There are 2 protein chains.
Amino acid sequence: MKLDDTDKKLLAILQEDSKTPIKDIASRLNLTKTPIYERIKRYEQEGIISKYVGVLDPSKLDTVMVVFCSVSLESQKLDALESFDKAVADIPEVVECYLMGGANDFLLKVVVKDLQAYHTFSSGKLAALPNVSQIKSTFVLNEVKRSTVIPIF
Amino acid sequence: MKLDDTDKKLLAILQEDSKTPIKDIASRLNLTKTPIYERIKRYEQEGIISKYVGVLDPSKLDTVMVVFCSVSLESQKLDALESFDKAVADIPEVVECYLMGGANDFLLKVVVKDLQAYHTFSSGKLAALPNVSQIKSTFVLNEVKRSTVIPIF
DNA sequence: CGATATAACGGAAAAATTCCCCTTTATGAA
DNA sequence: TTCATAAAGGGGAATTTTTCCGTTATATCG
């Protein structure tokens, strides 16, 4: 889908604050509610906007710890990768998971409540998945920046 | 702040779909709109919910490429770390940034439109920041899972 | 057992979204 | 240039949702 200048500005606004009233967006973009409303509906229908969510501040929840871990599999065959994908989808502690280039590892972002919970997760749930050969964990000391915005140029 | 069972369920719903009408949430949690409304307002005032955002599907935007890079600084002094923090906040391509334990590196999630844009970003903007000594880039081949949900147990 | 605080309820007012039809602007072929 | 057609924008009314009351229930503690 082709995005014009208005689309880019509008998507930027919705990525920053999806609760901004349509009429306010309209006046910022020098339009009225109808064209704004219809553009937004189009994004939703086409799946460009997949969902609207509330974002929590982990520093306000005293029991949150973030860990990145890179997981290597014994096999790089497609079905091994796919079965790992599926397994990971159902583990709530795994908040993000990426298949990475270079070493053919997965990079996982994991959220747990403390170090003990991480140990349980890592040695219990994660190491138990099929084909897992190596897990390297790195702990987040400080969350410097976290945004969900995909910059559109 | 102490979170009871209703708070946890409510935060889980809002993290999944913040557009769910309050009356629908109320009936799911066997309550009426008022207590739900007042709990949500409390989360917003206390900053537990920091914002509401629209989430874009990068696969629907043909020009999106994700890279993780670990950046080492020459100095681990506090002011060097802090000036890096501040600089990173203003770079839109840097979507997330974490100070990591272990090697005292930063881990950055970077979103650009293609490989050429990444080269421009990496050698231009990123390497130009003060104290940067080493940049290791790993490219995302496939986004297996990406959620903004912080699991609350 | 009161007294007080906290949470939940129900309805009305305000605000936002949604939907309708109409007007304007852009596009392209004759 | 001009007309036909499509695409985008506009304005207002109906609907839905949020917000804000006053009131009632429930729990906690001396």
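In the text below, chain A, chain B and the rest are named by the order of the sequence lines, each starting its count at 1. Model, not experiment: these values are computed from the prediction. All values below were derived from every heavy atom in this structure, side-chain atoms included, with hydrogens, water molecules and symmetry-related copies excluded.
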Using a cutoff of under 3.5 Å, can you pull out all pairs of nitrogen or oxygen atoms linking the protein to nucleotides 7-10 of chain D, with atom names and distances?
unit_1, atom_1, unit_2, atom_2, d
dG9(D), OP1, R39(A), NH2, 3.4
dG9(D), OP2, R39(A), NH2, 3.4
dG10(D), OP2, T32(A), N, 2.7
dG10(D), OP2, T32(A), OG1, 2.9
dG10(D), O5', T32(A), OG1, 3.3

Evaluate D105(A) against S72(A) for side chain to side chain donor-acceptor pair (under 3.5 Å), listing each step before the verdict. CA-CA 5 Å; D105(A) 290 323; S72(A) 310; 2.6 Å; yes
Close aromatic pair by centroid cut-off 6.0 Å: Y52(A) and Y52(B): no
Roughly, in whole Å, what's the span from NZ in K19(A) to C1' in dT19(D)? 13 Å
Quick check for you: name the first and last nucleotides of DNA chain C, 5' to 3', having an atom under 4.0 Å from a heavy atom of chain A. dA16(C) to dC20(C)
Hey, do the aromatic rings of F139(B) and Y118(B) have their centres closer than 6.0 Å? yes
Distance check needed: dG11(D) P versus K23(A) NZ, whole Å only. 15 Å
What I want to check is whether the side chains of K23(B) and Y37(B) have a donor and an acceptor closer together than 3.5 Å. no
Before accepting this row, confirm whether a basic side-chain N of the pair E93(B)/K125(B) lies closer than 4.0 Å to the acidic partner's carboxylate O. yes
Report yes or no: is the cationic atom of K113(A) (NZ for Lys, CZ for Arg) closer than 6.0 Å to the six-membered ring centre of F153(B), at no more than 45° off its axis? no
Heavy atoms, side chains only, cut-off 4.5 Å: are L99(B) and V140(A) in contact? no
Closer than 3.5 angstrom, by distance alone: can the side chain of S18(A) be matched with the main-chain N or O of L14(A) as a donor-acceptor pair? no
Do F106(A) and F84(A) have ring centroids that are under 6.0 Å from one another? yes
At 10 degrees resolution, what angle do the end axes of the helix from dC1(C)-dG30(D) to dA30(C)-dT1(D) form when each is taken over five base pairs? 30°
Taking CD1 from I22(A) and C1' from dT17(D), how many angstroms apart are they, rounded to a whole number? 13 Å
Going by heavy atoms in the side chains, are L126(A) and I135(A) under 4.5 Å from each other? yes
